[in-house]
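The structure displayed is predicted, hence computed values, not measured ones.
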Amino acid sequence: EIFDNTLVAFNKAWDIEVNRTFDDYNIDYDEDILRKFQESLSKYEKETTMVDYDDADKYFSNYIGIDLPKGFIKSWTMRLSKVKPPVDKRLNEMLERLSKKYSLVVATNWFRDLQYEKAKHIEIAEYFDEFMTGDRMDVKPNKDMFEYFLNGYTPDEVIVVGDVYYKDIVPGLELGMHGYLLSDNK
């Protein structure tokens, strides 16, 4: 996943766009609701096998105790896709170099339209051959997404890069791929 802070930091934008989406729908909220919304995000990802906007609306509604209208999660994710966080120009240079030599694929548990639009907005979509997303196949750490990467490659030819060890790195290692963990932890 590029956009959950693996390569590009979206944390502050995430908070702002959640607030704006609640405001757009005239839904009253406080810090407790925002905390529960954030909690529901990670819980939904852990408890689902494939993401779906309607299911996400229902899940988040039940978790935070507010009846979110149909389309709320899609509205929020589309708002988030338009945010342009600061991106180190070296990221584009690195992706350009790598894409000339290797096949680059985005693997994320979230929605393809969201991830593709984010990549397009920060001008890096062109470097990726494919966007493997949780609305098209089982979410990580399910090995299906990782097995898909092997299409035409042997495991030792694939490097998995991620920021969450158990879901981004371990499944690839278990299939014989190489793994590279990106982390801010020192």
Side-chain angles (χ1 to χ4, degrees), residues 1-18 20-21 41 44-45 48 50-53 56 71 73-165 167-173 175-184:
E1 294 173 52
I2 314 180
F3 311 110
D4 62 347
N5 301 310
T6 303
L7 296 180
V8 178
F10 270 88
N11 278 345
K12 293 199 185 322
W14 186 95
D15 293 335
I16 293 167
E17 296 310 328
V18 168
R20 287 180 176 164
T21 307
L41 182 65
Y44 176 70
E45 193 174 310
T48 191
M50 190 174 272
V51 296
D52 174 83
Y53 282 119
I73 298 300
K74 183 163 186 150
S75 294
W76 165 60
T77 59
M78 289 299 97
R79 288 185 74 102
L80 193 57
S81 74
K82 308 250 183 298
V83 171
K84 190 164 186 173
V87 178
D88 188 321
K89 71 176 185 165
R90 295 175 298 174
L91 174 63
N92 291 65
E93 293 166 359
M94 176 192 66
L95 290 173
E96 182 176 3
R97 279 194 316 273
L98 289 171
S99 68
K100 288 179 180 175
K101 189 172 180 181
Y102 304 103
S103 176
L104 303 180
V105 177
V106 171
T108 177
N109 285 347
W110 282 88
F111 303 95
R112 185 187 190 287
D113 53 356
L114 165 67
Q115 302 300 9
Y116 180 77
E117 287 301 316
K118 282 171 140 179
K120 195 167 90 177
H121 197 68
I122 60 172
E123 301 172 359
I124 63 173
E126 66 187 277
Y127 303 120
F128 295 95
D129 298 310
E130 196 161 359
F131 287 74
M132 296 307 307
T133 57
D135 56 342
R136 298 194 174 184
M137 65 180 14
D138 288 349
V139 299
K140 301 177 294 179
N142 186 302
K143 290 181 187 170
D144 289 352
M145 195 177 289
F146 294 85
E147 288 170 344
Y148 183 85
F149 299 152
L150 294 176
N151 188 15
Y153 298 95
T154 61
D156 66 326
E157 294 177 306
V158 177
I159 299 172
V160 178
V161 179
D163 66 335
V164 179
Y165 185 72
K167 75 175 181 182
D168 295 332
I169 306 302
V170 170
L173 293 176
L175 292 170
M177 300 173 183
H178 303 279
Y180 188 84
L181 181 65
L182 297 176
S183 175
D184 286 339

Exercise. Write down the atom of L181, the atom of Y165, and the distance for their closest heavy-atom approach.
Key: CD1-N, 3.8 Å

Practice problem: Check whether any side-chain heavy atom of M177 sits under 4.5 Å from a side-chain heavy atom of L150, and report yes or no. | Solution: yes

Practice problem: Test side-chain contact (heavy atoms from CB on, under 4.5 Å) on N109 and K167 and set out the steps. | Solution: CA-CA 10 Å; N109 285 347; K167 75 175 181 182; 4.0 Å; yes

Quiz prompt | D168 side chain vs V160 backbone, donor-acceptor pair below 3.5 Å | solution = no

Quiz item: Using 30° and 60° as the class limits, which term best fits the ring planes of Y53 and F111: parallel, tilted or perpendicular?
Solution: parallel

Practice problem: Looking only at non-hydrogen atoms, find the nearest pair between K118 and S81 and report the distance. | Solution: CG-CA, 3.5 Å

Self-check item: Electrostatic pair K100:E96 at N-O distance under 4.0 angstrom
Solution: yes

Quiz item: Which is it for T108 and Q115 under the side chain to side chain donor-acceptor pair (under 3.5 Å) test, yes or no, and what are the steps along the way?
Solution: CA-CA 8 Å; T108 177; Q115 302 300 9; 3.0 Å; yes

Self-check item: Note, V51 side chain near Y44 side chain (heavy atom, < 4.5 Å)
Solution: yes

Exercise. Supply the atom-to-atom distance L95 CG to E123 CD, rounded to the nearest 0.5 angstrom.
Key: 12.5 Å

Quiz prompt | Any donor-acceptor N/O pair, D129 side chain to L104 backbone, under 3.5 Å | solution = yes

Quiz item: What do the steps show when you test E130 against V106 for side-chain contact (heavy atoms from CB on, under 4.5 Å), and what is the final call?
Solution: CA-CA 6 Å; E130 196 161 359; V106 171; over 6 Å; no

Quiz item: If you take all heavy atoms of F149 and Y153, which pair is closest and at what distance?
Solution: O-CD1, 3.6 Å

Practice problem: Please step through side-chain contact (heavy atoms from CB on, under 4.5 Å) for the pair Y127 and L91, ending with a clear verdict. | Solution: CA-CA 11 Å; Y127 303 120; L91 174 63; over 6 Å; no

Exercise. Please round to the nearest 0.5 Å and tell me the distance separating atom CG of L114 and atom NZ of K82.
Key: 9.5 Å

Self-check item: Set of residues satisfying side-chain hydrogen bond (donor to acceptor under 3.5 Å, both in side chains) with respect to E147, sequence neighbours excluded
Solution: none

Quiz item: What's the shortest heavy-atom distance between V139 and T48, and which atoms?
Solution: CG2-O, 3.3 Å

Quiz item: What pairs with H178 under side chain to side chain contact (heavy atoms under 4.5 Å, CB included), at least two apart in sequence or on another chain?
Solution: D156, I159

Quiz item: So, K143 side chain and L175 main chain: donor-acceptor pair closer than 3.5 Å or not?
Solution: no

Quiz item: Can a salt bridge be assigned to the pair R20 and E17 using a cut-off of 4.0 Å between side-chain N and carboxylate O?
Solution: yes

Practice problem: Begin from the C-alpha positions of K74 and D113 and carry the test side-chain contact (heavy atoms from CB on, under 4.5 Å) through to its verdict. | Solution: CA-CA 10 Å; K74 183 163 186 150; D113 53 356; 3.3 Å; yes

Exercise. Taking all non-hydrogen atoms of both residues into account, name the closest pair between H121 and V83 and its distance.
Key: CD2-O, 3.3 Å

Quiz item: Out of curiosity, R112 CZ to E117 CD, how far, rounded to the nearest 0.5 Å?
Solution: 9.0 Å

Quiz item: Which heavy atom in Y116 sits nearest to a heavy atom in A125, and how many Å separate them?
Solution: CE1-CB, 3.8 Å

Self-check item: Distance, nearest 0.5 Å, that separates CH2 of W76 from CG of L41
Solution: 5.0 Å

